[in-house]
Amino acid sequence: MSERPIRRVLVANRGEIAVRVIRACRDLGLHSIAVYSDADADAVHVRLADEAVRIGPAPARSSYLDIGRIVATAVEHRCDAVHPGYGFLAENAAFADACARAGIAFVGPRGETIERVGDKVSARAAAEQAEVPVVPGSALLEDADEALRYADKIGYPVLLKASAGGGGRGIRRVDRPDELGTAFAAATREADAAFGNGGLFVEKCIVDARHVEVQILADGHGNAIQLGERDCSLQRRRQKLVEESPAPGLPDQLRKDLGAAALRLAMEVGYLGAGTVEFLVDPRTFDFYFIEVNARIQVEHGVTELVTGVDLIAEQLRIAAGCALSVGQDDIAARGVAIEFRINAEDPDRNFFPSPGKISQLRLPGGPGIRVDTGFEAGKAVPPFYDSLLAKLMVWAPDRDRAIARARRALAELTVEGVATTAPLHRRIVDWDEFQAGTCHTGSLETLLDQAARPGSPVTWPRL
Ligand code: ADP
Ligand code: ADP
Ligand code: MG
């Protein structure tokens with residue numbers, strides 16, 4: 001792959017990830033061009049970029065998802081590269097191809113790779129090719145009868161999953177055969193509405209598994225490295241709330257095996273750029289199973305940056321410019337422990353209902369070992385049109401106990417007024433024995449929330 005310098009970068013996103021990319025551009029001496037919808041006219045990413053261009057009204061489909069408009073803006077502003085962030089067009093092969101046709105570097109994998117790994121069914125096939133263990137599961141299903149036959153074969157509980165799914169949507173757990181018909185119809189509807197593709201497959205449900213994922217980077221010169229793992233088991237509705245690196249309490253051999261499996265898959269598909277290979281780990285046997293690839297930068301990339309010292313966005317831009325990675329596998333070692341808490345504008349006491357509105361007060365924590373990435377500040381509004389992530393609070397310390405102590409301090413320093421957030425829940429999580437023990441699995445938080453919600457429940461949250 002030949003080098004082609006990048007000087008001007010269009011940032012095709014909003015919120016904290018747009019700010020993060022603009023900061024990387026500034027660090028590297030690159031010119032950044034933000035885009036914004038009418039809902040974001042006074043947003044932080046608009047102010048921080050070197051230039052900002054309005055691309056349409058508030059609804060994402062007429063602004064941040066408008067491929068024609070964004071590519072035309074990049075051409076008009078003589079951009080060399082487009083960084084898609086995560087969400088929106090980040091895993092859209094047509095967008096990657098449209099950028100390439102316009103002679104603009106897409107900061108991400110090639111369109112054909114996005115197609116191959118973005119679809120969960122074809123990603124599972126690629127993993128099998130690479131001899132990576134996958135969760136027992138089916139190919140794309142024709143109808144509920146086929147799902148029923150397959151579920152009988154692998155045994156309940158099973159999950160019906162949207163092949164095009166993301167963000168925890170389009171997944172239904174089915175515990176008994178008589179529930180399957182209704183669940184199939186509901187999951188098809190949900191997937192069709194969210195992803196324009198109702199295709200489903202069935203997977204064995206790995207009960208009480210941990211979510212452990214591996215960060216990879218691959219350049220166009222044949223170098224591919226893995227930057228260790230993150231544990232993202234603290235979830236509600238299959239969406240991550242807390243992430244950390246390294247994953248607590250895993251045997252070293254398992255860490256190595258996960259890293260090697262992720263790299264085998266990267267090689268199999270000729271991966272280019274930053275990506276994440278997600279696995280489920282059975283904490284009883286330490287067996288692991290591939291679930292999906294996220295062919296983009298992830299929300300929780302910062303915890304890997306904190307423990308490895310590698311700037312993942314800068315590496316993405318280097319790769320897109322055709323340069324070799326600035327680090328090799330031997331340079332990668334996790335130092336200390338980093339934990340991220342997603343501060344979402346959602347009300348944990350009202351079933352995580354979104355809580356958009358004006359932020360009247362925002363005081364961010366600081367001091368040693370604290371990093372906050374946000375696209376907001378006091379006086380700005382969280383619009384109701386997009387996702388609810390308000391800030392990512394990350395902490396680093398030499399060991400896990402001190403990271404948790406630092407998290408407790410940082411969460412106590414944080415003040416958000418005007419919108420409900422997940423911060424009070426995080427203050428409880430840091431004092432929760434299961435979290436402190438590092439043994440949470442993907443069902444732990446929901447079990448606790450269900451118990452705490454029951455009237456007269458013996459489960460009481462630790463005092464704030
Ligand atoms: P991560 O995998 O980085 O932890 P999430 O699963 O929270 O991230 O998703 C990151 C963002 O991307 C969220 O805004 C989510 O809603 C969005 N997203 C993820 N996958 C898709 C998809 N296939 N289609 C639309 N939005 C998606
Ligand atoms: P998404 O694209 O929405 O992120 P994933 O396939 O990554 O979809 O699954 C999201 C979450 O759902 C996982 O982190 C895990 O908690 C749960 N999950 C997915 N597949 C399984 C499975 N086979 N068994 C148990 N839990 C699963
Ligand atoms: Mg996932």
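Counting starts at 1 for both ligands and their atoms, following the listed order. Since we're looking at a predicted model, the values are computed, not measured.
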Glu292/Lys161 ion pair, N-O < 4.0 Å: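 Lys161 and Glu292: not salt-bridged.
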N-O pairing of Arg116 and Glu268 below 4.0 Å: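 Salt bridge present between Arg116 and Glu268.
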Ligand-side contact atoms (ligand 2) for residue partner [X], heavy atom cut-off under 4.0 Å:
X	value
Val135	23 (N)
Glu203	20 (N), 21 (C), 22 (C), 23 (N)
Cys205	24 (N), 25 (C)
Glu278	7 (O)
His211	13 (C), 14 (O)
Arg238	11 (C), 12 (O), 17 (C)
Gly165	2 (O)

Proximity of Tyr64 and Tyr386 rings by center, below 6.0 Å: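 Between Tyr64 and Tyr386, the centre distance is under 6.0 Å.
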[X] to ligand 2, any heavy atom closer than 4.0 Å:
X	value
Ala209	no
Lys120	yes
Lys161	yes

Under 4.0 Å, heavy-atom basis, I'd like to know which part of [X] is in contact with ligand 2: side chain, backbone, both or neither.
X	answer
Leu159	side chain
Gln235	side chain
Leu280	side chain

With Glu340, the side-chain contact (heavy atoms from CB on, under 4.5 Å) member among Val303, Asp373, Leu306, Leu393: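 Only one of Val303, Asp373, Leu306, Leu393 forms a side-chain contact (heavy atoms from CB on, under 4.5 Å) with Glu340, namely Val303.
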Check: Ile291 N/O within less than 3.5 Å of ligand 2 N/O: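 N/O-N/O distance below 3.5 Å does not exist for this pair.
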Nitrogen or oxygen atoms of Gly168 and ligand 2 under 3.5 Å apart: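 N/O-N/O distance below 3.5 Å exists for this pair.
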Closest approach to the Mg ion (ligand 3) by Glu292, given as the N, O or S atom name: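 Looking only at N, O and S atoms of Glu292, the one nearest the Mg ion (ligand 3) is named OE2.
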N/O/S atom name from Glu278 that is nearest to the position of the Mg ion (ligand 3):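 Among the N, O or S atoms of Glu278, the one closest to the Mg ion (ligand 3) is OE1.
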Residues [X] and [Y]: side-chain donor-acceptor under 3.5 angstrom:
X	Y	value
Ser355	Arg350	no
Ser245	Glu229	no
Arg169	Gln239	no
Gln235	Thr442	no
Ser163	Asp119	yes
Glu434	Ser444	yes
Gln215	His301	no

Metal check, the Mg ion (ligand 3) vs Glu213 N/O/S, cut-off below 2.8 Å: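 No, since none of the N, O or S atoms of Glu213 sits under 2.8 Å from the Mg ion (ligand 3).
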